[in-house]
Amino acid sequence: MMERNAYDILEERGFLKQCSHPEELRELLGKEKVTFYIGFDPTADSLHIGHYVALMTMAHMQRAGHRPIALLGNGTAFIGDPSGKTDMRSLMSKEQLKHNAACFQAQMSRLIDFTDDKALIVYNGDWLYPLNYLDFMRDIGVYFSVSRMLAADCYKQRMERGLTFFEMGYMLMQSYDFLELNRRYGCKLQMGGDDQWSNILGGADLIRRKEQKPAYALTTALLTTSDGKKMGKTEKGAVWLDKEKCSVFDFYQYWRNVEDQDVEKCLALLTFLPMEEVRRLGALPGEQINEAKRVLAYTLTAQVHGEEEAQKAQTAAEALFAGGTDLSNIPSCELTAEQVEESGLRIPDLLVLSNLAKSKSDARRLIADGGVFIGDEKVASPNQALNESDLAGDGVIIRKGKKTYCRIRKA
RNA sequence: GGAUGGGUUCCCGAGUGGCCAAAGGGAGCGGACUGUAAAUCCGUUGUCACAGACUUCGAUGGUUCGAAUCCAUCCCCAUCCA
């Protein structure tokens, strides 16, 4: 019986989905320090929770003594990843991509230790931008069989909807990344979300064929809800790691509100809590499962935003939902003198200003449906307005529905 | 390049001259019920100065008292042929 290694840890926590050579890889991870990589396309200026599973994978591996490489795909993102996307590829400038990549890097540093070569950050634009088409076709293109690619699931599905040469080319570029990292850093393993399976496998095959060296592919579970939908969407969009794009309170609340069935999975994938504890929390019956949600929300928020911020979010949540009294940390919105003037302090205008409603019509509807409260009082008419004195000091707390609060005050 | 079929509101998808701000479903939002969960039921889902007005059905022009619906040109997408 071999000692428990990184592979076992990932397996136990439910990360593993597919692996090219399970036995072989497990053995390798048990006996030597392995350099591996995960790719990220910097198409936005912040990572979101979907990326977080990948970061956790890297963190577990690093803690087990292996060396992660975060590959920032400023080269591949330059033309856009077609996988599964139906929306138009939005073309971004090289400068924008570089900026986004820098943002990613900062966020990754919270979880991964990049000091002393313990982990690397590399940019595939470094080798993709200068690439020569003819050389590429001759050196790399010859190793790929179109008929075999077409047999792959991901392409098979696309066949009906049309498949461009570019989309198939994407696999070659990603495979080339792996080869390049193998040559430069001795990288032997590529990990990634399960939707990347074909692309990852392509790279491992390329190395095995071209270099006659071992290379491994391993995919991790995507973060989905129990009914198979992608997790991490809110009314305001994705659950971003950047608190400017998703407030700490919203972040905390997102996890506080996950469905019962998803708690255990989230705890296992997104936190470092020991598995015995994860299983215990996940098994709590009935109402007690809320304890697990509190732990999940607090732990994950602390991991991403720090203890102090997590504490504030928790305090605010308790004040609003659990009879707590400390209201100082609930989400707030400060109005400038002009905004006060312009809005006339009418409730619909205030709902829009505080982002609780997306338009004044929307706000009117909410009021008509009886979903808007000032303090504890239901707003009866859209013509209702506040007095300027209401906004003085701590201001007033306005609520939309059961769970969305905002404190409004004068700046 | 040729032929054919398409582009409708957040998504899918009906609508082929007035009754269309546009069926139905999904998703979202609000309400009831609950555990800040799920399921279920009800309501709602273009904008605004909101019992009224204004803007939307790929784009631009045109026909008509009146167009998402008809015509012209253009753009885009899919399938087949090259």
Side-chain angles (χ1 to χ4, degrees), chain A residues 82 84-91 157-164 166-167 224-239 249-267 281-298 300-301 313-324 327 329-331 342-349 351-374 378-385 397-406:
Chain A
K85 293 281 185 301
T86 46
D87 37 334
M88 203 67 93
R89 293 178 293 125
S90 52
L91 300 179
Q157 287 164 12
R158 308 271 309 181
M159 283 300 278
E160 292 128 41
R161 282 186 296 150
L163 185 63
T164 62
F166 157 72
E167 286 173 78
T224 52
T225 61
S226 51
D227 43 349
K229 280 180 297 209
K230 261 197 184 175
M231 240 170 126
K233 294 285 183 213
T234 68
E235 47 187 311
K236 288 167 194 154
V239 176
F249 180 79
D250 286 343
F251 187 88
Y252 178 94
Q253 281 294 295
Y254 182 84
W255 303 107
R256 178 63 187 80
N257 282 312
V258 295
E259 294 177 23
D260 291 4
Q261 299 150 290
D262 297 327
V263 187
E264 186 169 330
K265 180 166 61 181
C266 289
L267 283 166
L281 288 167
L284 289 173
E287 193 187 338
Q288 288 177 46
I289 192 88
N290 280 314
E291 170 62 18
K293 296 185 190 181
R294 263 192 296 279
V295 171
L296 171 65
Y298 183 83
L300 186 49
T301 306
Q314 188 164 59
T315 305
E318 272 162 17
L320 296 172
F321 300 109
L327 289 163
N329 291 306
I330 75 167
E342 255 173 63
S343 66
L345 296 176
R346 285 177 300 272
I347 307 290
D349 297 68
L351 284 166
V352 173
L353 285 170
S354 56
N355 249 315
L356 261 32
K358 61 180 197 290
S359 69
K360 285 184 222 172
S361 297
D362 189 30
R364 283 168 172 280
R365 258 175 248 128
L366 281 167
I367 294 169
D369 288 345
V372 179
F373 297 79
I374 299 289
K378 185 187 277 191
V379 175
S381 148
N383 301 320
Q384 211 168 309
I397 293 174
I398 185 162
R399 168 159 71 93
K400 183 197 87 159
K402 278 180 291 237
K403 294 189 209 166
T404 320
Y405 292 82
C406 186

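Proteins come first, then strands; the chains are lettered A, B, ... in the order of their sequence lines, and each starts at number 1. In this text, all values refer to a predicted model and were calculated from it rather than measured experimentally. The figures here come from the full heavy-atom set of this structure, side chains too, leaving out hydrogens, waters and symmetry mates.
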Length of the line joining A:Asp262:CG and B:rA38:C1', which is rounded to integer Å: 10 Å
Rounded distance in Å between the C1' positions of B:rU69 and B:rG7: 14 Å
Strand RNA chain B in bracket notation, Watson-Crick/G-U under 3.5 Å with | for pairs to another chain: (((((((..(((.....[.....)))((((((.......))))))(((...)))...(((((..]....)))))))))))).
Steps toward side-chain contact (heavy atoms from CB on, under 4.5 Å) verdict (A:Leu284, A:Val263): CA-CA 10 Å; A:Leu284 289 173; A:Val263 187; over 6 Å; no
Whichever of A:Tyr252 and A:Gly401 has its nearest RNA chain B nucleotide further upstream toward 5': A:Gly401
Separation of atom CZ in A:Arg294 from atom P in B:rA37, rounded to whole Å: 13 Å
Side-chain N or O of A:Lys403 closer than 4.0 Å to phosphate OP1/OP2 of B:rA37: yes
Length of the CD1-C1' vector between A:Ile367 and B:rC29, whole Å: 14 Å
5'-most by nearest nucleotide on RNA chain B - A:Leu366 or A:Val258: A:Leu366
Using a cutoff of under 3.5 Å, can you pull out all pairs of nitrogen or oxygen atoms linking the protein to nucleotides 46-52 of chain B, with atom names and distances?
residue: B:rU47; atom: OP1; partner: A:Ser359; partner atom: OG; Å: 2.8
residue: B:rU47; atom: OP2; partner: A:Arg365; partner atom: NH2; Å: 2.4
residue: B:rC48; atom: OP1; partner: A:Lys360; partner atom: N; Å: 3.4
residue: B:rC48; atom: OP2; partner: A:Lys360; partner atom: N; Å: 3.2
residue: B:rC48; atom: OP2; partner: A:Ser361; partner atom: N; Å: 2.6
residue: B:rC48; atom: OP2; partner: A:Ser361; partner atom: OG; Å: 2.7
residue: B:rA49; atom: OP1; partner: A:Lys360; partner atom: NZ; Å: 3.2
residue: B:rC50; atom: OP2; partner: A:Arg364; partner atom: NH2; Å: 3.2
residue: B:rC50; atom: N4; partner: A:Ser361; partner atom: OG; Å: 3.3
residue: B:rC50; atom: N4; partner: A:Arg364; partner atom: NE; Å: 3.1

Spatial distance of atom CG (A:Leu366) from atom CD1 (A:Ile347) [nearest 0.5 Å]: 12.5 Å
Sugar-phosphate only, base, or nothing, as touched by A:Ala317 at under 4.0 Å among non-hydrogen atoms: base
For atom CG of A:Asn257 and atom P of B:rU36, their distance in whole Å: 10 Å
Nucleotide B:rG30, atom P - distance to CG of A:Leu351 in whole Å: 12 Å
Please list each protein N or O that sits under 3.5 Å from an N or O in nucleotides 54-57 of chain B, with the distance.
none

Same-atom distance (C1') from B:rA53 to B:rA21, integer angstrom: 13 Å
A:Lys402 side-chain proximity, nearest of B:rG31, B:rG35, B:rG30: B:rG31
Side chain proximity check, A:Phe249 to A:Leu320, heavy atoms < 4.5 angstrom: yes
Pairing residues for A:Ser343 by the side chain to side chain contact (heavy atoms under 4.5 Å, CB included) criterion, not counting sequence neighbours: A:Leu345, A:Asp349, A:Leu350, A:Leu353
P spacing across the pair B:rG66 / B:rA32, given as an integer number of angstrom: 49 Å
Whole-angstrom distance between B:rG5 and B:rC57, as gauged at atom P: 23 Å
Inter-nucleotide C1' distance (B:rC74, B:rU16), Å rounded: 22 Å
For A:Ser354, all residues meeting side chain to side chain contact (heavy atoms under 4.5 Å, CB included), sequence neighbours excluded: A:Cys333, A:Leu356, A:Cys406, A:Ile408
Between C1' of B:rG30 and NZ of A:Lys378, the distance in whole Å: 10 Å
Side chain proximity check, A:Trp255 to A:Val258, heavy atoms < 4.5 angstrom: yes
Sugar-phosphate only, base, or nothing, as touched by A:Gln253 at under 4.0 Å among non-hydrogen atoms: base
Distance, C1' atom - from B:rU9 to B:rU55, rounded to whole angstrom: 12 Å
Main-chain N/O of A:Gly401 paired to A:Arg399 side chain as donor or acceptor, under 3.5 Å: yes
Euclidean distance, atom CZ of residue A:Arg399 to atom C1' of B:rU36 [Å, nearest integer]: 12 Å
Partners meeting side chain to side chain contact (heavy atoms under 4.5 Å, CB included) with A:Lys403 (sequence neighbours left out): A:Asn257, A:Phe321
Length of the line joining A:Asp260:CG and B:rA39:C1', which is rounded to integer Å: 11 Å
For A:Tyr252, all residues meeting ring pair (Phe, Tyr, Trp, His ring centres under 6.0 Å), sequence neighbours excluded: none
Partner residues of A:Asp369 under the salt bridge (charged side-chain N to carboxylate O under 4.0 Å, His left out) criterion, sequence neighbours left out: none
Spatial distance of atom CD (A:Glu259) from atom NZ (A:Lys265) [nearest 0.5 Å]: 10.0 Å
Separation between the P atoms of B:rG58 and B:rC11, rounded to whole Å: 13 Å
Touch class at under 4.0 angstrom, heavy-atom based, for A:Ile289 against every strand present: base
Donor-acceptor pair, side chain of A:Asp362 and main chain of A:Lys358, under 3.5 angstrom: yes
Same-atom distance (C1') from B:rC71 to B:rA3, integer angstrom: 22 Å
Contacts of type side chain to side chain contact (heavy atoms under 4.5 Å, CB included), residue A:Asn290, not counting sequence neighbours: A:Arg256, A:Glu287, A:Lys293, A:Arg294
